[in-house]
Amino acid sequence: RILTAIEKILSRKGIKVEIDKKQGILRLPDGVLFDSGQSNIPNPSEAYNAALEVSEAFYKVLKCSVFVKDNSEVSGQNFYRFKGNDCYLGNAEGAFVDSIFIEGHTDNEPFRIGNLRLSANRGTNTYELMTKHTKLRTYYSPDKKEIFGVSAFGDTRPIKPNNSLQNKKANRRIDIRLIMYVPRSKRTLDEFKKRLCNELNYSKYCS
């Protein structure tokens, strides 16, 4: 639901992205943010505007599925969920995001700085622009960890064989991978259910 909602928002803005529901990925194809061999997002540019729209879409849609750090709290509870009227999707199931990785990928054409470094630069530049534009770094997992991070894979994870120009273009991409929160043990699950009941008023978990 998160991926589909973000895709619809971006589509209305004229930004074409792909979603892989099985892998939990929102994919920014080649040309959305970067040209071949490039890792900078110049301002002004269509790519710069696209990155801002992606940031705003994530900021809007994730509100019901993350905690936010608020240092103004005096009770010691620095984490709370956005109130229901701030939510774009709703979250009746109590499903929360654990991590979101902005992954850089390249084709197998060699570049002077190396494909791994190129993909790392792309992921980092995307992360920095997105988190500077909106307060995505205030979004936390139930374990009180920042959810956004960066991964770099170079040409090691192609989605198509690098045997044609079209396939190589498909492999040059930014993947934004969502990982949902799963309690690690029954004890952790029980504690989280209590938290959903006591802090977030999820009555279904109060029994």
Side-chain angles (χ1 to χ4, degrees), residues 1-10 17-28 51 54-71 73 76-84 86-105 119-120 122-124 126-153 156-157 159 173-202 204-206:
R1 292 177 63 206
I2 291 172
L3 293 172
T4 301
I6 293 172
E7 179 192 33
K8 288 180 178 178
I9 291 173
L10 295 175
V17 298
E18 304 166 3
I19 57 173
D20 183 336
K21 294 181 180 180
K22 184 176 181 180
Q23 297 294 325
I25 289 173
L26 181 88
R27 179 161 293 140
L28 307 178
V54 172
S55 177
E56 291 177 6
F58 270 93
Y59 186 71
K60 181 177 184 179
V61 173
L62 289 177
K63 282 188 175 184
C64 285
S65 302
V66 296
F67 290 80
V68 64
K69 187 173 184 179
D70 181 7
N71 292 322
E73 294 280 325
Q77 297 294 327
N78 289 333
F79 296 83
Y80 66 92
R81 189 176 70 91
F82 279 95
K83 294 180 180 178
D86 286 327
C87 291
Y88 181 81
L89 284 178
N91 188 3
E93 302 84 359
F96 286 81
V97 174
D98 181 81
S99 306
I100 297 178
F101 293 104
I102 300 174
E103 301 177 350
H105 298 268
S119 67
R122 287 177 170 178
T124 300
T126 303
Y127 166 87
E128 290 179 346
L129 182 52
M130 286 179 60
T131 56
K132 186 179 294 185
H133 181 63
T134 57
K135 296 180 180 180
L136 291 174
R137 291 198 64 184
T138 66
Y139 283 1
Y140 279 71
S141 72
D143 287 335
K144 302 182 180 180
K145 303 292 194 303
E146 284 193 36
I147 63 173
F148 277 89
V150 178
S151 299
F153 293 100
T156 63
R157 294 193 177 185
I159 55 175
R173 68 198 193 274
I174 290 287
D175 283 353
I176 303 180
R177 184 185 301 272
L178 276 71
I179 300 174
M180 302 305 291
Y181 173 73
V182 179
R184 293 182 295 273
S185 66
K186 185 180 184 302
R187 178 182 176 182
T188 307
L189 174 61
D190 290 341
E191 290 175 350
F192 186 55
K193 286 182 177 180
K194 288 181 181 179
R195 188 177 182 191
L196 291 174
C197 170
N198 297 332
E199 295 182 29
L200 308 181
N201 299 316
Y202 277 69
K204 65 185 291 186
Y205 296 112
C206 294

_I179 side, atom CD1; D98 side, atom CG - distance, nearest 0.5 Å_ = 6.5 Å
_Euclidean distance, E56 CD relative to L10 CG, rounded to 0.5 Å_ = 10.0 Å
_To the closest 0.5 Å, what do you measure between CD (E93) and OH (Y205)?_
7.5 Å
*Return the orientation label for the F58 and F148 ring planes: parallel under 30°, perpendicular over 60°, tilted otherwise.*
perpendicular
_Validation row: L89, C64 side chains within 4.5 angstrom (heavy atoms)_ = no
_Member of R122, K132, R137 meeting the side chain to side chain contact (heavy atoms under 4.5 Å, CB included) criterion with Y127_ = R137
*List the atom of K60, the atom of I9, and the distance in Å for their closest heavy-atom pair.*
CD-CD1, 4.2 Å
*Considering all heavy atoms of both residues, which atom of A5 and which atom of Y88 are nearest to each other, and what is their separation?*
CB-CE2, 3.8 Å
*Verify, without hydrogens or angle tests, whether S151 (side chain) and E103 (backbone) share a donor-acceptor contact under 3.5 angstrom.*
no
*Can you check whether I6 reaches V17 side chain to side chain, under 4.5 Å on heavy atoms?*
no
*Does L28 reach the side chain of R173, with side-chain heavy atoms less than 4.5 Å apart?*
no
*Supply the atom-to-atom distance I19 CD1 to I2 CD1, rounded to the nearest 0.5 angstrom.*
11.5 Å
*side-chain contact (heavy atoms from CB on, under 4.5 Å) between I100 and L62: does it pass, once the steps are laid out?*
CA-CA 11 Å; I100 297 178; L62 289 177; 3.6 Å; yes
*Have a look at L3 and tell me which of I25, D20, L26 forms a side chain to side chain contact (heavy atoms under 4.5 Å, CB included) with it.*
L26
*Is any side-chain heavy atom of T131 less than 4.5 Å from a side-chain heavy atom of E146?*
no
*Salt-bridge contact K186-D190 (side-chain N to carboxylate O under 4.0 Å)*: yes
_In the structure I gave you, are the side-chain heavy atoms of F153 and D175 within less than 4.5 Å of one another anywhere?_
no
*Between Y139 and Y59, what is the ring plane arrangement, given parallel below 30°, perpendicular above 60°, and tilted in between?*
parallel
*Do S55 and L129 have side chains that get closer than 4.5 Å, going by heavy atoms?*
no
*Beyond-backbone contact of F96 with L196, side-chain heavy atoms, under 4.5 angstrom*: yes
_Gap separating the NE2 atom of H105 from the CD1 atom of I159, nearest 0.5 angstrom_ = 8.5 Å
*Quick one: do R187 and E191 satisfy salt bridge (charged side-chain N to carboxylate O under 4.0 Å, His left out)? Show the steps, please.*
CA-CA 6 Å; R187 178 182 176 182; E191 290 175 350; 3.3 Å; yes
_How close do A152 and S119 get, counting heavy atoms only, and between which atoms?_
CB-OG, 3.4 Å
*Should I147 and Y181 count as side-chain neighbours, where that means a heavy-atom distance under 4.5 Å?*
no
*To the nearest 0.5 Å, how far apart are CZ in F67 and CZ in R195?*
4.0 Å
